[in-house]
Amino acid sequence: MSCSTLPNLSLQLDFAKKWTSVSLRPRTSTCCTCQERSTLEPKKKRDGKSRGEKNRSVTEDKSLISRSRISQQNSLPPLIGALKASAEKNSASFHFPGHNRGRAAPSSLTQLIGVRPFIHDLPELPELDNLFSPEGPILEAQMQAAKLFGSSETWFLVGGTTCGIQAAIMATCSPGEHIILPRNSHISAISAMVLSGAIPKYILPEYDCKWDIAGGVTPSQVGKAIKELQMDGKKPAAVFITSPTYHGICSDLSDISQLCHAYGIPVIVDEAHGAHLGFHPQMPHSALKQGADLVMLPELNLVKTQEQFSTKPLELASEASTIIKTIPGISVLDLSSFNEFPAIDPLRLTLGFWSLGLSGYEADDILDRDHGVISELVGTQSITFAINLGTCREHTQRLVSGLKKLSMSFLHSKTTEMRVESREHAPFNDICISLNPRDAFFANKRSVSIKESLGKVCGELISPYPPGIPVIIPGEVITEKALNYLLDVRKKGAVITGASDSHLSSIVICDVGRNYKFRLQGSDKTLAVGALLRRLEIVGCCVRTVM
């Protein structure tokens, strides 16, 4: 998995420092991008070289270029060509990984996948370039990705888009500065606020109780948040938007970007579920084409040019959606439920089963167990299926067949009406923030029973997974509604992550408002008291000192 982000600390600092004077408009793939190369131009080489660089001769540099050209002639992507050439070498390898090009690969895995994946499992050898300071095939691949996505700069990431989100927020937000973001942002955005010290200004997204799904963010919500901060004499350092959402709901990023740029505010977009957007006229525009400044998304494979994106997935998705809408008892998510937003990704099929008396978890279990149909996302009321470049007609037909049998089995069940449930409010529509995420993360904590936790300040991030949207965030006051929601979704089959007790019999809380007694001795006691007060003031404690 790759995604784009700022490659090193110096670049992050440079980005944050120069935002006010430089117009940034990135485009990324598995990376972060910005439009003005003058701001994020790669550093010039130093006169002095590292040990590895000294060993690299001019001839070797030319051979890298030569191999790169050969790979282009063979129509292989730069990294693939370089990896192929390196793996074919007859080398005496004294480097990691320890399986030594498959020679010591575990037999249990080689019996399953063969030895070839291990032959190509290589570290940053000179011919394979350096991710942190690319000069060869990685740089060439990033340049090709930037051209494909229309960005000025692209950086590859590892481990998904999480580190890209963290880098983007840390690059734009200094400790104590505010960031505007939807409350249903992914947990990586919360961890980014812990790392950066940024203070959240949450937007509560539109929420559909019947579907138990949150929507996107509207320009008016962003504008309201900016003005509310201005009234307090503050200016947001960045605006963070998730678009499309996991369910495919797209925000109006064009108007949001235009609004934010009028105030000189950068727009960061988590487009982890939209790498394919903009590659076909029937699809919504990508975040980059709508003016976003930094975008994180997974790499889109199998496509070299926008013209190569096949219409087959769109045709299969349209056909399946049309048929499913005729199946009794099954609902299909469309813009009628979220009419404030411009589009829903046509390659996401989100289906509801409440008219059959089934939760999303129950329906998903039946489809998987009885029909071999595996979904992308399961919720309390719905299931989301992702149509992609590899989807075939036989699989969409199997999905439709399974849904028809599901309908026949449960449509006339006597218990249907009793089992249908909906919620009147989102689980986080009445949040109260007592501490910002960073202060809550480092606060003194203790574990209490779930009954005792009501009204206390949460000390951990509690999130049903998937999709990884936290119901309670460190620093928020624990409400009865949030607890009931967590217990309900856990009962229906959701896995609770982030909590020290996944069974939710206990919750970790911050020691806010507790009385502490300190006995200090020595000549520095005055200084020590001041330091303690500053430390404990962060977590809202009442301090009583005894001299």
Side-chain angles (χ1 to χ4, degrees), residues 162 165 181-194 200-217 240 242 245-247 249 270 350 359-361 377-384 421-438 440-441 443 445 447-510 512:
T162 290
I165 291 171
L181 73 166
R183 178 53 182 77
N184 62 328
S185 297
H186 190 263
I187 53 178
S188 57
I190 311 306
S191 66
M193 289 189 286
V194 172
K201 172 65 176 177
Y202 288 125
I203 291 174
L204 298 183
E206 182 180 340
Y207 178 80
D208 189 285
C209 305
K210 181 174 62 177
W211 285 92
D212 189 23
I213 289 177
V217 172
F240 177 86
T242 301
T245 66
Y246 210 162
H247 298 94
I249 302 168
D270 175 3
T350 298
S359 70
Y361 299 105
L377 173 65
V378 186
T380 58
Q381 305 286 76
S382 65
I383 306 175
T384 299
E421 297 178 17
S422 64
R423 295 178 180 82
E424 295 181 358
H425 304 288
F428 39 71
N429 72 338
D430 59 349
I431 60 171
C432 176
I433 302 175
S434 179
L435 301 173
N436 68 56
R438 181 180 177 87
F441 181 86
K445 298 169 187 167
S447 179
V448 299
S449 69
I450 190 169
K451 292 182 179 179
E452 293 179 89
S453 71
L454 189 62
K456 304 294 193 303
V457 177
C458 189
E460 55 188 356
L461 189 149
I462 306 178
S463 171
Y465 194 89
I469 306 302
V471 173
I472 309 179
I473 290 173
E476 291 181 354
V477 176
I478 299 171
T479 65
E480 184 177 5
K481 186 179 299 180
L483 291 179
N484 287 339
Y485 180 89
L486 286 168
L487 292 172
D488 179 47
V489 296
R490 182 183 176 277
K491 181 181 179 181
K492 290 183 176 180
V495 175
I496 304 300
T497 64
S500 56
D501 178 5
S502 60
H503 298 289
L504 294 179
S505 58
S506 64
I507 291 180
V508 172
I509 64 170
C510 297
V512 176

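From a predicted model like this one, the values you see are computed outputs, not experimental measurements.
Judged as a side-chain contact (heavy atoms from CB on, under 4.5 Å), and not counting sequence neighbours, the contacts of Ala192 are Gln166, Ile169. With sequence neighbours excluded, the residues that form a side-chain contact (heavy atoms from CB on, under 4.5 Å) with Leu377 are Tyr246, His247, Thr384, Pro466, Pro467.
Residues Phe240 and Ala189 come closest through the heavy atom pair CE2-CB, 4.0 Å. Taking each heavy atom of Ile469 and Asn184 in turn, the nearest pair found is CD1-O, 2.9 Å. Here the closest heavy-atom approach between residue Gly475 and residue Ala440 is recorded as N-CB, 3.3 Å. In plain terms, the two heavy atoms of Leu483 and Ile472 that are nearest each other are CD2-CD1, 4.4 Å. Contact between Arg438 and Val194 at its shortest, heavy atoms only, is NH1-O, 2.6 Å. Taking each heavy atom of Val477 and Gly455 in turn, the nearest pair found is CG1-O, 3.5 Å.
Checking side-chain atoms of Lys456 against main-chain N and O of Ile509 turns up no donor-acceptor pair under 3.5 Å. A donor-acceptor pair is defined here as one N or O able to donate and one able to accept, closer than 3.5 Å; such a pair exists between the side chain of Arg183 and the backbone of Val471. Proximity of a side-chain donor or acceptor of Glu206 to a complementary backbone N or O of Gly215 within less than 3.5 Å is not detected. For the pair Asn484 (side chain) and Glu480 (backbone), a donor-acceptor distance under 3.5 Å is present. Of the possible donor and acceptor atoms, one in the side chain of Thr497 sits under 3.5 Å from a partner among the backbone N and O of Ser463.
The structure places CG of Leu461 at 9.0 Å from CD of Glu476, a figure rounded to the nearest 0.5 Å. Here Ser449 contributes atom OG and Leu504 contributes atom CG; the two are 12.0 Å apart, rounded to the nearest 0.5 Å. Atom-to-atom distance recorded for Thr380:OG1 and Ile213:CD1 is 8.5 Å, nearest 0.5 angstrom. Rounding to the nearest 0.5 Å places CG of Asn436 at 11.5 Å from CD1 of Ile473. Rounded to the nearest 0.5 angstrom, Asp212 CG and Tyr207 OH are separated by 3.5 Å. Residue Ile203 holds its CD1 atom at 8.0 Å from CG of Leu181, rounded to the nearest 0.5 Å.
Inspection of the His186 and Ser188 side chains reveals an N or O donor paired with an N or O acceptor under 3.5 Å.
Within the 4.5 Å cutoff, the side chain of Ser505 has no heavy atoms near those of the Ile450 side chain.
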